[in-house]
Amino acid sequence: MQMRRWKAVGLMRRILSCAICTIAMMSLLSVHLHIFPRHSKLPDPYKLPNPFPVWRTNCPRLWKPVPNRDYMPCTQPTPNYTAPPESRGYLLAHTNGGLNQMRAGICDMVAIARIINATLVVPELDKKSYWQDSSNFSDVFNEDHFINALANDVKVIKKLPMEMGGATRADKYFKSWSGMDYYQGEIASMWADYKVILAAKTDSRLANNNLPADIQKLRCRACYEALCFAPQIEAMGKLLVDRMRSYGTYIALHLRYEKDILAFTGCTHGLSPDEADELKKIRDENDEWKVKDIDPREQRSKGFCPLTPKEAAIFLSALGYPSNTPIYIAAGEIYGGDSYMDDLRSRYPMLMSKEKLASIEELEPFANHSTQLAALDYILSVESDVFMPTYSGNMARAVEGHRRFLGHRRTISPDKKALVRLFDKIEQGIKKEGKLLSDKVIERHKKRQGSPRKRKGPIPGSKGMDRFRSEEAFYVNPLPDCLCAQSRNLNTSVS
């Protein structure tokens, strides 16, 4: 009798244990399925994370392209344009600066070669600047396409012929912002003594305005049609654009808050004394940067400083972009790292970059080549739904011009001089973020969205070199030279 009782108790214990285990397993399974969806493994920071839902704001004005007023590319030469005349010699070019400074310089060298009847040797990229990039032309650009696309304009060859290797060459620093008279006179006259002319620097060597129509159109053909990126860069750029678009419409934020630009501009707002000293030391040691003593407060008050990550976040919020907006950070290493990015990330957590969109293995071919990595940022910026630079440097200007050429895609140009006054009042507690501030920011930037307008001329009253320097750069805005209104008279003025 006692044995039967113990057996019954044992059986009940086993039944209860099984029941408890079953309930516990079902509970765990239920919680697991609820918390961790199908792809439960947390994403590696260097691999493409599972796409978030496609977020789209309910305010279409933030995303839709600006009215382009029927302006379309018109880069074909005029009826008076002829095939390349007989070459009088060879033009070599040593580019300088980063990717976009070199791009503009290369395109100007194409036009200059045409003006002086030269055979252009594929330009040599800058390997000595701040970025110390060893990339050759063919590593960054599609060399064969560049040569073939310009066949009806300028003869371009990959290398100087061997028989010219020992020829006496003229090393020349072409004058910045020069016109036809300078090149047809002073430079072309050098053919009498030399068969090879070397342009020691390439940036800003041609005037922005008052050049023949065919020269201006050639500059556009060189920039937007001939000078394509190398196939491997184009392929990776397209892949990253597709991955970025899986998150929905996105902003490309050119967050120019990197060590080199802060050192160059002398901007130290929000930085520690040690960081400010580090930047000053970099500026003092760089022989290429002529201005050493800079008042950071004056720089900022005049709008000459890049927006900080926090200021960029406040600005985007004031414009109305919601916190779930996907943002691609088109930039190198941000100075101060997460300590300064946290203010932006707290408002806009969907911050993406090359390193988040691609694996280490995918980016490995471009590693240690700042020019090639910048080319990827360029592609994602040109193709973005909205582009916003925080500093009007070479990258910002080049992307803005390209987006104008492609149909005036929305490009927001912050009025930094006005914004810093608002930011300071917010910091002092005089103003608060909200509808009143937002209305003021939106109103201030209605005409700073990339809509069609003619390229700005020199500042009234400016003379000499200052007159040319104050003009809007050609590659920022190719209208009217390379964009035509299809449905109206081409001479119609644009406000």
Side-chain angles (χ1 to χ4, degrees), residues 63-81 100 103-108 110-112 114-115 146 149-150 152-154 177 179-180 204 206-229 252 254 378-379 381-389 392 394-413 445-458 468 470-495:
W63 297 104
K64 69 179 183 180
V66 297
N68 67 7
R69 305 186 194 177
D70 295 328
Y71 277 92
M72 302 289 289
C74 54
T75 62
Q76 292 304 306
T78 68
N80 296 327
Y81 196 70
N100 295 288
R103 278 176 59 93
I106 290 167
C107 297
D108 275 3
V110 169
I112 291 168
R114 172 78 188 196
I115 294 170
F146 179 71
L150 295 170
N152 294 326
D153 303 294
V154 175
W177 300 292
M180 296 291 289
S204 304
L206 262 181
N208 297 309
N209 301 313
N210 301 319
L211 292 177
D214 278 324
I215 295 300
Q216 298 289 56
K217 290 178 183 296
L218 174 56
R219 294 170 87 182
C220 279
R221 290 199 298 278
C223 188
Y224 305 124
E225 298 171 14
L227 198 59
C228 299
F229 291 118
H254 183 43
Y378 185 93
I379 292 171
S381 297
V382 169
E383 295 300 325
S384 64
D385 299 282
V386 175
F387 174 65
M388 194 194 92
S392 55
N394 291 310
M395 166 82 164
R397 292 195 290 265
V399 171
E400 178 181 350
H402 205 151
R403 289 171 68 85
R404 286 181 177 279
F405 184 78
L406 293 174
H408 293 88
R409 297 173 179 178
R410 187 174 292 274
T411 301
I412 302 171
S413 300
H445 289 82
K446 275 185 177 179
K447 295 183 178 180
R448 303 177 70 94
Q449 305 277 327
S451 57
R453 59 171 176 77
K454 285 186 177 180
R455 188 167 55 255
K456 296 177 183 176
F468 298 110
S470 67
E471 290 180 336
E472 186 174 22
F474 178 82
Y475 298 105
V476 174
N477 185 4
L479 197 159
D481 310 274
C482 306
L483 292 168
C484 303
Q486 300 299 302
S487 61
R488 70 184 89 169
N489 190 298
L490 299 186
N491 294 322
T492 301
S493 62
V494 181
S495 58

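For the atom pair CZ (R403) and NE2 (H408), the distance works out to 11.5 Å, reported to the nearest 0.5 Å. Distance check: I112 CD1 to M180 CE gives 10.5 Å after rounding to the nearest 0.5 Å. A distance of 7.0 Å separates CD in E471 from CG in N210, rounded to the nearest 0.5 Å. Atom-to-atom distance recorded for I115:CD1 and D214:CG is 11.5 Å, nearest 0.5 angstrom. Y475 contributes atom OH, which lies 4.5 Å from atom SG of C107 (distance to the nearest 0.5 angstrom). Note that CD of Q449 is 13.5 Å distant from CZ of F387, once rounded to the nearest 0.5 Å.
The shortest heavy-atom contact between A252 and S381 is CB-CA, 3.7 Å. Taking all atoms of both residues into account, the shortest heavy-atom contact from V110 to V154 is O-CG2, 3.5 Å. Heavy atoms only, all atoms of each residue included: N68 and G407 are closest at CB-O, 3.8 Å. Taking both residues in full, the closest heavy atoms of P458 and S470 are given as CA-OG, 3.4 Å, listed atom of the first, atom of the second, then distance. A pairwise comparison of heavy atoms in V66 and G450 identifies CG2-O, 3.7 Å as the closest pair. Taking all atoms of both residues into account, the shortest heavy-atom contact from A111 to L206 is CB-CD1, 3.6 Å.
Panel note: side chain R448, backbone S413; a donor-acceptor pair is recorded below 3.5 Å. Judged by distance alone, with hydrogens and angles left aside, the side-chain atoms of N477 form a donor-acceptor pair with the main-chain N or O of R453 at under 3.5 Å. With hydrogens and angles disregarded, a donor-acceptor distance shorter than 3.5 Å links the side chain of R114 to the backbone of D153. R410 contributes a side-chain N or O that, together with a main-chain N or O of K64, makes up a donor-acceptor pair within less than 3.5 Å. A donor-acceptor pair under 3.5 Å is formed between the side chain of R404 and the backbone N or O of S451. In terms of modelled atom types and a separation under 3.5 Å, the side chain of N100 and the main chain of A396 share no donor-acceptor contact.
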Might you work through the side-chain contact (heavy atoms from CB on, under 4.5 Å) test for F468 and N208, ending with a clear yes or no? CA-CA 8 Å; F468 298 110; N208 297 309; over 6 Å; no
Determine, step by step, whether F474 and Q216 satisfy the side-chain contact (heavy atoms from CB on, under 4.5 Å) criterion, reporting the C-alpha distance in whole Å, the side-chain angles of both residues, the deciding distance to 0.1 Å, and the verdict. CA-CA 9 Å; F474 178 82; Q216 298 289 56; 3.6 Å; yes
Please test R409 against E383 for salt bridge (Lys or Arg N to Asp or Glu O under 4.0 Å), starting from the C-alpha separation and ending with a verdict. CA-CA 9 Å; R409 297 173 179 178; E383 295 300 325; 3.7 Å; yes
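When side chains are defined from C-beta on, P77 counts as touching R221, because their heavy atoms get closer than 4.5 Å.
Residue M72 places its CE atom among 12 or fewer non-hydrogen atoms of other residues, nucleotides or ligands, all under 6.0 Å distant.
Classified by interplanar angle (parallel below 30°, tilted 30° to 60°, perpendicular above 60°), the ring pair Y224/H402 is tilted.
Disulfide criterion (SG-SG under 2.5 Å) for C484 and C74: met. Sulfur-sulfur distance for C220 and C482: below 2.5 Å, consistent with a disulfide.
The pair K217-D481 fails the salt-bridge criterion, with no side-chain N (NZ, NE, NH1 or NH2) lying under 4.0 Å from an Asp/Glu carboxylate O.
With hydrogens and angles left out, the side-chain atoms of R455 and N209 include a donor and acceptor closer than 3.5 Å.
Exactly one of V382, T75, L479 qualifies for a side chain to side chain contact (heavy atoms under 4.5 Å, CB included) with F405. That residue is T75.
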